[in-house]
Number of protein chains: 4
Amino acid sequence: MDQQTSNPPATNPLSTEPSLRQRLASHYDFVRSWSELLCEPLHPEDCVIQTMPDVSPTRWHLAHTTWFFETFILAAASENYQPFHPQYGYLFNSYYNTVGEQFPRPQRGFLSRPTLDEVWAYRWAIDDRLLEFIQTCSEASLLQYVPVIEIGLHHEQQHQELILTDIKHVFSCNPLYPVYRSSDDEKDSSLSAEQNPIDLQWKSFEGGVVEIGHQGEAFAYDNEGPRHRVHLESFELADRLVTNGEWLAFLEDGGYQRPELWLSAGWATVQESAWKAPRYWFKQGQDWHHFTLSGLKPLALDEPVCHVSFYEADAFARWLDARLPTEAEWEVACGDRPLQGHFVEEENFAPLPAPTAPDTSLQQMYGDVWEWTASPYLGYPGYKANPGALGEYNGKFMCNQFVLRGGSCATSKTHIRPTYRNFFDPAARWQFSGLRLAR
Amino acid sequence: MDQQTSNPPATNPLSTEPSLRQRLASHYDFVRSWSELLCEPLHPEDCVIQTMPDVSPTRWHLAHTTWFFETFILAAASENYQPFHPQYGYLFNSYYNTVGEQFPRPQRGFLSRPTLDEVWAYRWAIDDRLLEFIQTCSEASLLQYVPVIEIGLHHEQQHQELILTDIKHVFSCNPLYPVYRSSDDEKDSSLSAEQNPIDLQWKSFEGGVVEIGHQGEAFAYDNEGPRHRVHLESFELADRLVTNGEWLAFLEDGGYQRPELWLSAGWATVQESAWKAPRYWFKQGQDWHHFTLSGLKPLALDEPVCHVSFYEADAFARWLDARLPTEAEWEVACGDRPLQGHFVEEENFAPLPAPTAPDTSLQQMYGDVWEWTASPYLGYPGYKANPGALGEYNGKFMCNQFVLRGGSCATSKTHIRPTYRNFFDPAARWQFSGLRLAR
Amino acid sequence: MDQQTSNPPATNPLSTEPSLRQRLASHYDFVRSWSELLCEPLHPEDCVIQTMPDVSPTRWHLAHTTWFFETFILAAASENYQPFHPQYGYLFNSYYNTVGEQFPRPQRGFLSRPTLDEVWAYRWAIDDRLLEFIQTCSEASLLQYVPVIEIGLHHEQQHQELILTDIKHVFSCNPLYPVYRSSDDEKDSSLSAEQNPIDLQWKSFEGGVVEIGHQGEAFAYDNEGPRHRVHLESFELADRLVTNGEWLAFLEDGGYQRPELWLSAGWATVQESAWKAPRYWFKQGQDWHHFTLSGLKPLALDEPVCHVSFYEADAFARWLDARLPTEAEWEVACGDRPLQGHFVEEENFAPLPAPTAPDTSLQQMYGDVWEWTASPYLGYPGYKANPGALGEYNGKFMCNQFVLRGGSCATSKTHIRPTYRNFFDPAARWQFSGLRLAR
Amino acid sequence: MDQQTSNPPATNPLSTEPSLRQRLASHYDFVRSWSELLCEPLHPEDCVIQTMPDVSPTRWHLAHTTWFFETFILAAASENYQPFHPQYGYLFNSYYNTVGEQFPRPQRGFLSRPTLDEVWAYRWAIDDRLLEFIQTCSEASLLQYVPVIEIGLHHEQQHQELILTDIKHVFSCNPLYPVYRSSDDEKDSSLSAEQNPIDLQWKSFEGGVVEIGHQGEAFAYDNEGPRHRVHLESFELADRLVTNGEWLAFLEDGGYQRPELWLSAGWATVQESAWKAPRYWFKQGQDWHHFTLSGLKPLALDEPVCHVSFYEADAFARWLDARLPTEAEWEVACGDRPLQGHFVEEENFAPLPAPTAPDTSLQQMYGDVWEWTASPYLGYPGYKANPGALGEYNGKFMCNQFVLRGGSCATSKTHIRPTYRNFFDPAARWQFSGLRLAR
């Protein structure tokens, strides 16, 4: 990965000089091998576990992303294509009803076969076939399938993030608290409860009719468009993310016991799920710890709070007489700032504190943690899902989910954009999700 | 009710000549007695049944609306107020955490006491106390509590609608299909499957920045404001509601078996709940019937389809390559047309067909059935829930619900407005809910 | 009921002098009218409630027992029989698969119709038809259907007990704690926690091969035979029932917190159901109360403990290094003692304390509370269920239930026998069930 | 294993000549290494899966049996014992409340760590410590702990059987139908549907007072005693097990659709679980297959039916107007016949057909499949569970379970006895369980 971070053009590998076939092959190879690197710290036993329906075993992610390329490129491009294995279509289709029936999602953890080695063999065989396809297919095919390969690579990157979020959930359910990657320095140990984060600053933005949404030639998911006008009132955004220290103050002020702070559905979830803190906070004796991919650590008060649900983020904002930003506000405020932030390429696998010297502008807009917005996930005016199976990618989830913006410490820098719309159920907490206040 | 429908000023009883105290008392009496009239066809046994958590027994509605006046006016206005019964606060508080603990909602059907007669005694005692309060309280109190009484009366009207929707659900679960009110004429019998509804017409509306939301002195719920600007693209609305006949065509075209027509959450609901038709459609032999408050009847093809969920409405629209309107589109298109439609005052208790001679304008905008919109139920920009218990009325439900507009055959004409926002879970079907197409 | 208790032959009404038809009609009338008397304190609202699947609404009991006579006598005896109502067979069949489909048991509380008055009309119409049948049918029919009528009357008596146990459950779920019948004297008030029950005495019985089970001409259910030999070791029985005071000592000794006292399935139930005391014990401040059909009362320490499950009875016995008796031990020890005890005819509707002057023999063997035995409910050697629908009466429940003996304060004296085998799930607590120790 | 089957004294390794310490060590080593052999065909991925709460991952079995020796011998015998790992007591305690809290059983499949290699390291370390203990402990300790070691080894053997039954369940949930051990010859292929099993013969036994239960010095679980007298009526047993062919006839005669054949609880289970055939029967097109540890095979009609519940066995018997034997009948009929049968040492991992030349005596009494009896699992008269943690081994399960006798193809020949009482829930099907008829 070192080359990548020192190599700016890598953020858009398709725009460099070599031939399209060569560049595509290189990009493919680059993205796919990152999945392999992420699995290096894992044992075969780790790769089969499913600790809740939302979590998929690592092996499943590796096979599903492979199935995606096999199905939507290799099989689509050739009438006589022989599938690598007759049952893998059933086992590794996630939710594409158009393509065929799916093995039940909550039972992915019931499968020990294909083994990890067999899944690697599957990946490598499809990699070979796909690279051969890239090099040898007709010009017409190339033009037809380049966008699909591009979707496949962005899809792979989404599952790379899920590999990390899912294994974090798996490890957190084990009282041994396994370590995914031990942290080099014990930077956490220098933190103390007295160390207050810098004061939060409000940045103001004018209202009016603005435009949001993706436009242009570069890759974007269909749900990022069409670009369209919206009317905004004037608003303010906090200049940085909410921290663990601030969340601790919320908690100690009875945040999880006061129904008046919560949406009705949020309060019902608090009661049913007995939430008392963010997902990976554990109290040992009098002290709060949080579970990270480097193991269980004393709570780092100046780090952005992470693994909170929309319901919690919304209640926290109400506690401070503030609110969450809408996605339009976030996107307008973000503007075209450079894509800087703590992404997965840094291999920190956890969010970092904001710089202690406050900037004059918004900080932490990219990376660290996904920011919950107040916006339900809906199609933009004029949005139509694509016909066919890939039309199931985004459109059918536009209900009862909320939009998150900005990417996280588990997101690739080459995967994020100002118009990027992530979305999850308002009760979801296993993602690297935090918040920024608005008013 | 006859006086009322022949008495135009009744739509805003507070604006007529007599003194405020007199007018308020008269309005109070008018609204409260309508609840009593609605219960006339019911036996005591009917009034205790709860057939699902969403449904409340009739007796509970009668007592809860009474508790509302007792708590938010009588008890609030006097420090020494002696509650009518020490336990009624616990039994008949619905969801006001600020006021106190609540008897569990799903167990309302476990209570046979207080009996119906005891509930009537409770209502009449509180009516006496409240009317005395209106006549004798100080001017200051009067000014303070007039808005609360007004909320209480609108609240009563919402529960009047629920008395009808809930008893319809209760009766529908009984294989004897009890009749709430038999219909005078057998108008349904003249309908035939061949009788096609008139062709649907599309009405066009210009886009741009528009204003929606309540303004002015007249009563409205807090969630109808603040009035604010939104930007709309140009759009078209169907000139009338979707009919049972059109829904039958959807059903027969495999509408309930084709995942590609559905949102993912909707399709999951179809599978889990084994939906095959709207809530009260029953197939007997080869023929579809629908259960109404006048009993089980052959399906009336030209009536508006009713008792469909948001998920079904959304799938139906996708089937026709159309969509649901947003609430802003609906409100702009509605404009300030007169409040005409088939409301509960007609005592039809079921929606009626659109006029066969097409109008030049939109029809059926008010009454008949609530119209699902594409808009998640959210606070308007700048919305803040009121402080205190009445702030729990609307704000805390602004999540995972969709807005419905226009009122239904179970809604009072004196309860609806162009800015009125009803909201329900996207899977809810027991309300009188239907749809109008947009594109 | 006064005649009955002063009229010894009434315990076997078929053995007296008048003609068989006359005696049968009189017996029928006597048993059926007792059901009516039991309903006198109830309002129509009380008669529709179902607070858990095991509980049936009063109205359902009244209709189901009527359906039993209509189906197994009137309809069975005449090819042209016209049912009273075409749907009542579906609504009021409990579990006789042979006869036809059944309305789902957990939804009996969804039905408000037929109303109580309509159910009375049903009962009286069937009573008329049945009494006419008794007087006018052929001799052959009479001989054929006398045993079925007898089963029907014993069946009615079982449901009379259920009317009481079920309404007790219904009322106990209401925070108003309604009173079924107020107790004349406040005898409970004289009880004090210091008042210890008399010491428990052990009575010894020899082992060997003994015979148990019903024999002879008198009525018994099929599950009470065949009479057969069993081998018993020598054993001892406590001379009286376990009291509330003794149970309180168990509770205060951590009985509900010590897994080592419990069967594994019992301990799982304690955890899942959060049992902390018998079913109707409620702690108010520092004091234990128990809910009775006369309302909520201070716990009467010298009364037999009641509304405990088999799991609790078993744990209590283990706590004292004792055990529950087997049903064979109970039956042998019971022998042919006279049928004396506190039965429903006393209209106490609650168990009474044992006499303070100890008897030389076993006390409280009949009435007061059903006694849990250590015996799973199984068919005796050679048992075969009858063919046809009435064969479903007892045989198909011979699994995962435990036998109870002796009858309770809700059982009719004319319904019990030394060989009578009642049976319930080991977790059931809503019956009038207690225990006697063995070792 | 070859030595063992050719070496008769191996059935009681403690009775041979060498010193007690030497014999004990040798027996320990022999039993423990068989667990390792059973795992040879498995991948690490296979060893972590839990497909239902009853199933434990292979790794868990390996660690739990090791924990048993560590806890009940090593830790019990030395005050200063340092546990191998501080958390393993929590992770690998199954249900011994006396010893401490347990990791929740349904979440055993959430744990990927310790890895398989780490579990092997745990086993081998404890093996070393235990063998050293055997060689070096005092005479007094030796006498005290020999019975516990013996229990530990029988316990290990029970888990060896569970390793096989559980992995069969795991593999059966995978549409790839993995093979545990491929069968050498394709003996199944020679079977045909027309090949009828030999006619069933009935063997008669006299009634009277008999004795059953364990006596003497040899090892037995506490639940096999005390030996005691029971009275039996005369009875008959089928000379062999029920076959797949006979079960197919039951199925084709509507066995799974006729409520009159079933216990009420059994019929409810059939409905809820949608049972249509034994657990591992799969219909492919028109043909029945069954899943075995050698993969999916055409149904072998002459093999004993396997993986049926008590409910199914009971219904099958009723279909033939027969019944299941009681455990006393089985034990008396079994007598002291030699321990011959198809046990796990044959490594067939599936039951075999009865010999086609009928014997004059009962066949298949040992091995092949566990035989459901009609007897609920209860303590024998005078049974008292041992004090302390090992008292939890058997006694606390004596409720709502039924006894099985005779061992199966997954049971070790050195583990079974005529008095051996296995027990499972009447709905359990994942064991190698079948039936023999009685009347």
Side-chain angles (χ1 to χ4, degrees), chain A residues 39 41-53 55 57-60 62-63 84-93 100-104 106-120 122 166-180 295-296 430, chain D residues 39 41-53 55 57-60 62-63 84-93 100-104 106-120 122 166-180 295-296 430:
Chain A
C39 295
L42 301 178
H43 291 274
E45 291 91 332
D46 299 326
C47 300
V48 291
I49 308 279
Q50 179 174 38
T51 41
M52 66 170 178
V55 161
T58 317
R59 255 167 57 264
W60 188 90
L62 296 174
F84 179 84
H85 189 288
Q87 295 269 49
Y88 284 8
Y90 173 59
L91 289 177
F92 300 123
N93 178 358
E101 230 187 324
Q102 302 116 43
F103 187 75
Q107 296 173 19
R108 288 177 188 164
F110 288 4
L111 304 177
S112 57
R113 314 288 179 89
T115 63
L116 183 56
D117 281 346
E118 288 168 333
V119 167
W120 288 129
Y122 176 42
D166 287 0
I167 204 70
K168 185 169 181 177
H169 193 272
V170 166
F171 282 173
S172 78
C173 294
N174 190 329
L176 302 177
Y177 296 122
V179 168
Y180 171 75
L296 196 65
W430 94 113
Chain D
C39 294
L42 300 177
H43 291 273
E45 291 91 332
D46 299 327
C47 299
V48 292
I49 308 278
Q50 179 174 40
T51 40
M52 65 170 178
V55 161
T58 316
R59 253 169 57 265
W60 188 89
L62 295 174
F84 180 84
H85 189 289
Q87 294 269 49
Y88 284 7
Y90 174 58
L91 289 177
F92 300 123
N93 178 359
E101 231 187 323
Q102 302 116 44
F103 187 77
Q107 297 173 20
R108 289 177 187 163
F110 288 5
L111 305 176
S112 58
R113 313 287 179 92
T115 63
L116 184 56
D117 281 345
E118 289 168 332
V119 167
W120 288 129
Y122 176 41
D166 287 0
I167 203 70
K168 185 168 181 178
H169 192 271
V170 166
F171 283 174
S172 79
C173 294
N174 190 328
L176 302 178
Y177 296 122
V179 169
Y180 171 75
L296 196 65
W430 94 112

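The analysis underlying the following values was restricted to heavy atoms, covering all of them including side chains, and did not include hydrogens, waters or symmetry mates. So that the names make sense, note that chain A is the first sequence line, chain B the second, and so on, each numbered from 1. Not measured: the values here are computed from a predicted model.
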Look at A:Leu176, A:Val48, A:Thr51, A:Leu111 and state which one has the largest set of heavy-atom pairs under 4.5 Å with chain D.
->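 Maximum pair count with chain D is reached by A:Thr51.
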Between chain D and each of A:Pro178, A:Gly109, A:Pro175, count heavy-atom pairs under 4.5 Å; write down the option with the most.
->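 Max contact count across the listed options: A:Pro175.
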Check ring-ring contact (aromatic ring centres under 6.0 Å, His included) between A:His85 and all other residues, then give those that pass, not counting sequence neighbours.
->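 If we apply the ring-ring contact (aromatic ring centres under 6.0 Å, His included) test to A:His85, skipping adjacent residues, the hits are A:Tyr88.
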With D:Tyr180, which residues qualify under ring-ring contact (aromatic ring centres under 6.0 Å, His included), at least two apart?
->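 Partners of D:Tyr180 by the ring-ring contact (aromatic ring centres under 6.0 Å, His included) criterion, ordered by chain and then number, come out as D:Phe349.
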Largest heavy-atom contact set with chain A, pairs under 4.5 Å, which of D:Gln50, D:Gln87, D:Met52 =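 Among the listed options, the one with the most contacts to chain A is D:Gln87.
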What's the separation between atom [atom1] in [X] and atom [atom2] in [Y], rounded to the nearest 0.5 Å?
| X | Y | atom1 | atom2 | value |
| --- | --- | --- | --- | --- |
| D:Cys47 | D:Trp120 | SG | CH2 | 7.5 Å |
| D:Phe103 | D:Trp60 | CZ | CH2 | 11.5 Å |
| A:Arg59 | A:Leu42 | CZ | CG | 12.5 Å |

Give, as side chain, backbone, both or neither, the part of D:Gln107 having an atom under 4.5 angstrom from any heavy atom of chain A.
->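 It is neither, since no heavy atom gets under 4.5 Å.
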Region of D:Pro114 that comes under 4.5 Å of a non-hydrogen atom in chain A |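 For D:Pro114, the contact with chain A is made by backbone and side chain together.
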